[in-house]
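Please read all numbers here as calculations on a predicted model, not as lab measurements. Computed over heavy atoms, backbone and side chain alike; hydrogens, waters and symmetry mates excluded. For ligands, and for the atoms within them, numbers begin at 1 and follow the listed sequence. The first residue in the sequence is number 1, and the count goes up from there.
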Amino acid sequence: MYDYDLLVVGSANADLVIGVDRRPGPGETVLGSDLAVHPGGKGANQAVAAARLGARAALLARVGDDGHGRLLLDSQRAAGVDTVGMLVGGAPTGVALITVDPSGDNSIVVSPGANARLTPQDVRAAASLFQASRVVSAQLEIPLETVVETVRSLAFDSRFVLNPSPPGPLPAEVLAACDPLIVNEHEARFLLGASAGPAPEDWARALLLRGPRSVVITLGAAGALVASGSTSSFVRVESPRVDAVDTTGAGDAFTAALAWRLSRGETLTEAAAFAARVGAAAVTRQGAQESFPTAEEVFAR
Ligand code: ATP
């Protein structure tokens, strides 16, 4: 019996957002809107998305001993995430400085801060969390060696889910543990380079050859493609048609929902079909964490 459905190992950032009429050029200053500060980072987002759905979720992350760190701890607790694995100190909390123009285009500067100090040693020190977690998920906003140690720390029959975002080279040891590897089109093309074929089925086939046990490719409004290495089968799952307002965090909501449903014993295709409904719900509202639905909201649609 596991204490946690999902342990997320990943980043926690403060998103600092300013609206501007146009973004400044070199050496230029422009005036913008009032500052909005939101809890973010892919790890923090996934943990909140899972907890909002009803998962017993924990987050292993590092924040600074500062106001942004307290914002992140508070937002995780408010969502019902167990913060026993949230480490404090070592560097300022990671920050994303975001300017958004009236067309919705944004420019983002990220200071990884404490996220870059989440070390393999921190993972080893959290061994009891790993032993208590049915599914473990990670992304790439923390050091790659920390993701490698995450894979080495998995409990005997727990399951590992990776969203390699932002995309970077992945060691064979990490790829072999993924069940599934979850990528969007951009991440699939990065991992495959010039060898990427024209269709998602081509990408899935080529990605499976790299070693993951299964692959899920998210396709925005078109849903997702599920590819299982054991059966070499491909299944498309549909996303409900919705009026998309803001797609920020859709990928995080999808990954968290899929991981949670896997922890409940669903097949990968069943879990992906549910996750597509969660991703669709998330794009109907502004923001990232603020947009994540409860399970009741998903089932009511
Ligand atoms: P992001 O980086 O914006 O968080 P992503 O690029 O990682 O997202 P997407 O493929 O855009 O991931 O979206 C993840 C899932 O969310 C999709 O598989 C789909 O189920 C749902 N989704 C995203 N956009 C839409 C949309 N416009 N309409 C319906 N569902 C959507």
Anything under 3.5 Å between a donor and an acceptor, one on a side chain of residues 5-14, the other on a protein residue two or more places apart or in another chain? List them.
{"from": "Asp5", "atom 1": "OD1", "to": "Arg56", "atom 2": "NE", "distance (Å)": "3.4"}
{"from": "Asp5", "atom 1": "OD1", "to": "Arg56", "atom 2": "NH2", "distance (Å)": "2.9"}
{"from": "Asp5", "atom 1": "OD1", "to": "Arg264", "atom 2": "NH1", "distance (Å)": "3.1"}
{"from": "Asp5", "atom 1": "OD2", "to": "Arg56", "atom 2": "N", "distance (Å)": "2.8"}
{"from": "Ser11", "atom 1": "OG", "to": "Lys42", "atom 2": "N", "distance (Å)": "3.0"}
{"from": "Ser11", "atom 1": "OG", "to": "Gly43", "atom 2": "N", "distance (Å)": "3.4"}
{"from": "Ser11", "atom 1": "OG", "to": "Glu141", "atom 2": "OE1", "distance (Å)": "2.4"}
{"from": "Asn13", "atom 1": "OD1", "to": "Asn115", "atom 2": "ND2", "distance (Å)": "2.7"}

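- In this structure Phe156 satisfies the ring-ring contact (aromatic ring centres under 6.0 Å, His included) test with no other residue, sequence neighbours excluded.
- Counting heavy atoms of neighbouring residues, nucleotides and ligands inside a 6.0 Å radius, atom CD of Glu238 does not exceed 12 of them.
- Between the OG atom in Ser228 and the CZ atom in Phe234 there is a gap of 9.5 Å [rounded to 0.5 Å].
- Taking the six-membered ring for Trp, Phe274 and Phe254 have ring centres at least 6.0 Å apart.
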Would you mind writing out the side-chain donor-acceptor pairs for residues 212-222 within the sub-3.5 Å range, not counting sequence neighbours?
{"from": "Arg213", "atom 1": "NE", "to": "Ala176", "atom 2": "O", "distance (Å)": "3.4"}
{"from": "Ser214", "atom 1": "OG", "to": "Asp179", "atom 2": "OD1", "distance (Å)": "2.6"}

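- The protein residues lying under 4.0 angstrom from ligand 1, judged by non-hydrogen atoms, are Asn184, Thr218, Leu219, Gly220, Ala221, Gly223, Ser239, Pro240, Val242, Ala244, Thr247, Gly249, Ala250, Gly251, Phe254, Ala276, Gly279, Ala280, Val283.
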